[in-house]
> 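Pasting a structure below so you can have a look.
Chain identifiers are assigned alphabetically (A, B, ...) following the order of the sequence lines, protein sequences preceding nucleic acid strands; residue numbering begins at 1 within each chain. Atom set for the values below is all heavy atoms of this structure, side chains included, hydrogens, waters and symmetry mates excluded.
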Number of protein chains: 2
Amino acid sequence: MMTEKFLTIREMCDVFDVTARTLRFYESKELLFPVRQGQKRLFTKRDRARLKLILRAKRFGFSLEQVRQLLDLYHIDDQQQTQIRKTYEVACERLADMQRQRDELDAAISDLQEQMNWAEKIMQADENPKQAAE
Amino acid sequence: MMTEKFLTIREMCDVFDVTARTLRFYESKELLFPVRQGQKRLFTKRDRARLKLILRAKRFGFSLEQVRQLLDLYHIDDQQQTQIRKTYEVACERLADMQRQRDELDAAISDLQEQMNWAEKIMQADENPKQAAE
DNA sequence: ACGAAAGTTGACGTTCACGTAAGTTGAACG
DNA sequence: CGTTCAACTTACGTGAACGTCAACTTTCGT
């Protein structure tokens with residue numbers, strides 16, 4: 001048994017901490033492609049990988065539409081190879097976005113840390129009030 | 001003249017590439033506090049700094065409400081010092097969020113770059129088709 | 001002094017990303 | 001066989017973050 005080839009919608013919800021509605025919504029937006037057994041959805045390993053990336057990218061502030069474009073890169077093998085180059089270019093832009101974002105994030109982290117150091121000093125002073133005045 | 005102490009709403013729009021509606025909306029949500037000259041808004045240096053941070057944080061996927069909390073750290077001097085500690089704790093969480101996010105972002109960037117290397121190889125092969133078959 | 005330009009306040013509309021409720025279907029269990 | 005339960009579809013509702021339009025007032029140039 002290789003990690004149970006398929007997951008039900010409920011199992012997906014538990015694993016990824018999302019609602020069933022969300023998974024159906026993502027399917028409707030062509031972000032996920034669960035196979036059907038009767039009318040029930042079964043999520044493949046590929047769906048799990050995609051969902052992981054979706055949730056991650058969301059935390060970076062990407063829209064679902066942007067994520068969909070990004071995801072295209074991860075399943076080129078399914079597609080016509082004629083699309084590779086176009087997809088590659090999209091990926092280049094996304095990558096640049098992400099690198100810019102990381103740089104900004106680094107800056108923001110530094111900023112915040114500085115502010116917090118300053119706040120620490122203030123709080124320190126607040127704990128020993130008027131130490132010099134006596 | 002020290003960088004023109006105040007900016008009109010239109011100047012703000014041009015500088016930060018946002019709409020007037022957005023600025024008024026941010027004010028209504030207490031993210032910005034432009035002073036009034038008559039009924040016109042004048043944006044201070046502090047508003048400009050705040051807006052910069054707002055737009056930056058938005059790109060990280062923070063909600064405006066989260067941003068508002070974050071911004072509180074940046075104007076503690078205006079507030080009661082009793083609030084410092086609370087604000088400091090909020091900031092700690094945000095900082096942790098941001099660091100986690102950066103780690104994930106790094107991972108995502110690596111992933112994407114790997115995929116792109118793979119795509120490059122495919123494209124390379126596509127340029128010289130069946131080189132080995134002849 | 002007057003008309004255009006810029007700014008203001010409502011108030012309603014829109015898009016995204018789901019939430020939620022109502023009714024249906026299919027497998028499963030006592 | 002009835003019912004219970006999970007999953008399904010359809011459809012309307014919701015909060016966040018603005019867009020857009022209407023109807024003022026204020027200011028500025030000629």
Side-chain angles (χ1 to χ4, degrees), chain A residues 4-44 47-48 50-72 94 97 101, chain B residues 4-44 47-48 50-72 90 94 97 101 104:
Chain A
E4 296 149 24
K5 232 167 161 14
F6 301 109
L7 291 188
T8 72
I9 199 166
R10 191 50 47 189
E11 290 166 341
M12 284 291 277
C13 293
D14 294 346
V15 172
F16 290 97
D17 193 33
V18 295
T19 69
R21 175 69 175 100
T22 298
L23 295 175
R24 297 194 194 103
F25 180 71
Y26 288 170
E27 183 187 4
S28 78
K29 289 303 176 76
E30 305 193 289
L31 292 167
L32 299 177
F33 304 94
V35 298
R36 297 304 178 105
Q37 156 192 311
Q39 72 172 353
K40 290 190 177 178
R41 291 168 176 81
L42 290 179
F43 294 85
T44 68
D47 288 314
R48 296 188 289 259
R50 291 172 73 93
L51 181 54
K52 187 175 167 189
L53 202 150
I54 293 167
L55 298 177
R56 174 179 278 173
K58 280 204 52 176
R59 263 168 272 142
F60 306 151
F62 288 112
S63 75
L64 290 184
E65 174 53 26
Q66 288 177 316
V67 175
R68 205 185 53 72
Q69 292 185 16
L70 230 186
L71 278 169
D72 285 344
R94 290 282 145 270
D97 280 357
Q101 213 174 321
Chain B
E4 295 149 24
K5 230 165 163 14
F6 302 109
L7 291 188
T8 72
I9 200 168
R10 191 48 48 191
E11 290 166 340
M12 284 290 277
C13 293
D14 295 346
V15 173
F16 291 97
D17 192 35
V18 295
T19 69
R21 176 68 175 100
T22 299
L23 295 175
R24 297 194 195 101
F25 180 70
Y26 288 171
E27 183 187 4
S28 78
K29 290 302 177 75
E30 304 193 290
L31 292 167
L32 299 177
F33 305 94
V35 297
R36 297 304 178 103
Q37 155 191 311
Q39 72 171 354
K40 290 193 176 175
R41 290 167 176 82
L42 290 179
F43 294 85
T44 69
D47 288 315
R48 296 188 290 262
R50 291 174 74 94
L51 181 55
K52 188 174 166 188
L53 203 150
I54 293 167
L55 298 177
R56 172 178 279 173
K58 280 203 51 174
R59 262 167 275 143
F60 306 151
F62 289 111
S63 74
L64 291 184
E65 174 54 26
Q66 287 177 315
V67 174
R68 205 185 53 72
Q69 292 187 15
L70 230 187
L71 277 168
D72 286 345
V90 173
R94 289 282 145 273
D97 280 357
Q101 212 175 324
E104 280 193 69

> Measure from CG on A/Asp14 to P on D/dA6 and round the result to the nearest Å.
12 Å
> Describe, as an angle rounded to 10 degrees, how the axis at the first end of the helix from C/dG3-D/dC28 to C/dG30-D/dC1 is tilted relative to the axis at the last end, five pairs per end.
10°
> Going by heavy atoms in the side chains, are A/Met12 and A/Arg48 under 4.5 Å from each other?
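Sidechains of A/Arg48 and A/Met12: in contact.
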> Taking C-beta and beyond as the side chain, do A/Asp47 and A/Leu51 meet within less than 4.5 Å on heavy atoms?
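When only atoms from C-beta onward are counted, A/Leu51 and A/Asp47 do not touch, as no gap falls below 4.5 Å.
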> Would you tabulate the side-chain donor-acceptor contacts of residues 29-36 of chain B under 3.5 Å, counting partners in other chains and residues two or more places apart, or write 'none'?
from, atom 1, to, atom 2, distance (Å)
B/Arg36, NH1, B/Gln39, O, 3.1
B/Arg36, NH2, B/Glu27, OE2, 3.1

> When rounded to the nearest 0.5 angstrom, what is the spacing between CG in A/Leu7 and CZ in A/Arg41?
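Rounded to the nearest 0.5 Å, the CG-CZ separation comes to 14.5 Å.
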> Distance-only criterion, 3.5 Å: show the donor-acceptor pairs between side-chain atoms of residues 14-23 of chain B and protein atoms not counting sequence neighbours.
from, atom 1, to, atom 2, distance (Å)
B/Thr19, OG1, B/Arg21, N, 3.4
B/Thr19, OG1, B/Thr22, N, 3.1
B/Thr19, OG1, B/Thr22, OG1, 2.9

> Could I get a table of every N or O pair under 3.5 Å where one atom is in the protein and the other is in nucleotides 22-27 of chain D?
none

> Using whole Å, what does the distance between atom P of nucleotide D/dA6 and atom CG of A/Leu42 come to?
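Rounded to whole Å, this separation is 17 Å.
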> Between A/Arg24 and A/Ile9, is there a side-chain heavy-atom distance shorter than 4.5 Å?
yes
> Return yes if some donor-acceptor pair links the side-chain N/O of A/Gln101 with the main-chain N/O of A/Phe60 below 3.5 Å, else return no.
yes
> Check whether any side-chain heavy atom of A/Lys58 sits under 4.5 Å from a side-chain heavy atom of A/Leu64, and report yes or no.
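With C-beta onward as the side chain, the pair touches.
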> Has A/Thr8 got a side-chain N or O lying under 4.0 Å from the OP1 or OP2 atom of D/dA6?
no
> What integer distance in Å separates B/Arg24:CZ from C/dG7:C1'?
6 Å
> Could you check how far CZ of A/Arg10 sits from P of C/dA27, rounded to whole Å?
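Between P of C/dA27 and CZ of A/Arg10: 19 Å.
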> Calculate the interatomic distance between A/Gln66 atom CD and C/dC16 atom P; express it in whole Å.
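Rounded to the whole Å, the gap is 12 Å.
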> For A/Gln66, check side-chain contact (heavy atoms from CB on, under 4.5 Å) against everything at least two apart and list the hits.
A/Phe62, A/Ser63, A/Arg94
> Can you tell me if B/Arg41 touches the phosphate of C/dT8, counting only side-chain N or O atoms and a distance under 4.0 Å to OP1 or OP2?
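For C/dT8, OP1/OP2 do have a side-chain N/O of B/Arg41 under 4.0 Å.
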> How long is the gap from CZ on A/Arg50 to OG1 on A/Thr44, to the nearest 0.5 Å?
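Reported to 0.5 Å precision, the distance equals 9.0 Å.
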> For the CG atom of A/Leu53 and the CG atom of A/Leu71, what is their distance to the nearest 0.5 Å?
5.5 Å
> Tell me the interatomic distance from B/Glu11, atom CD, to C/dG7, atom P, rounded to whole angstroms.
8 Å
> Could you list, one pair per line, each protein nitrogen or oxygen that sits under 3.5 Å from a nitrogen or oxygen of nucleotides 16-21 of chain D, together with the distance?
from, atom 1, to, atom 2, distance (Å)
D/dA17, OP1, B/Leu64, N, 2.9
D/dC18, OP1, B/Lys58, NZ, 3.3
D/dC18, OP2, B/Tyr26, OH, 2.6
D/dC18, OP2, B/Lys58, NZ, 2.8
D/dG19, OP2, B/Thr19, OG1, 2.5
D/dG19, OP2, B/Thr22, OG1, 3.4
D/dG19, N7, B/Arg21, NE, 3.1
D/dG19, O6, B/Arg21, NE, 3.4
D/dG19, O6, B/Arg21, NH2, 3.1
D/dT20, O4, B/Arg21, NE, 3.2

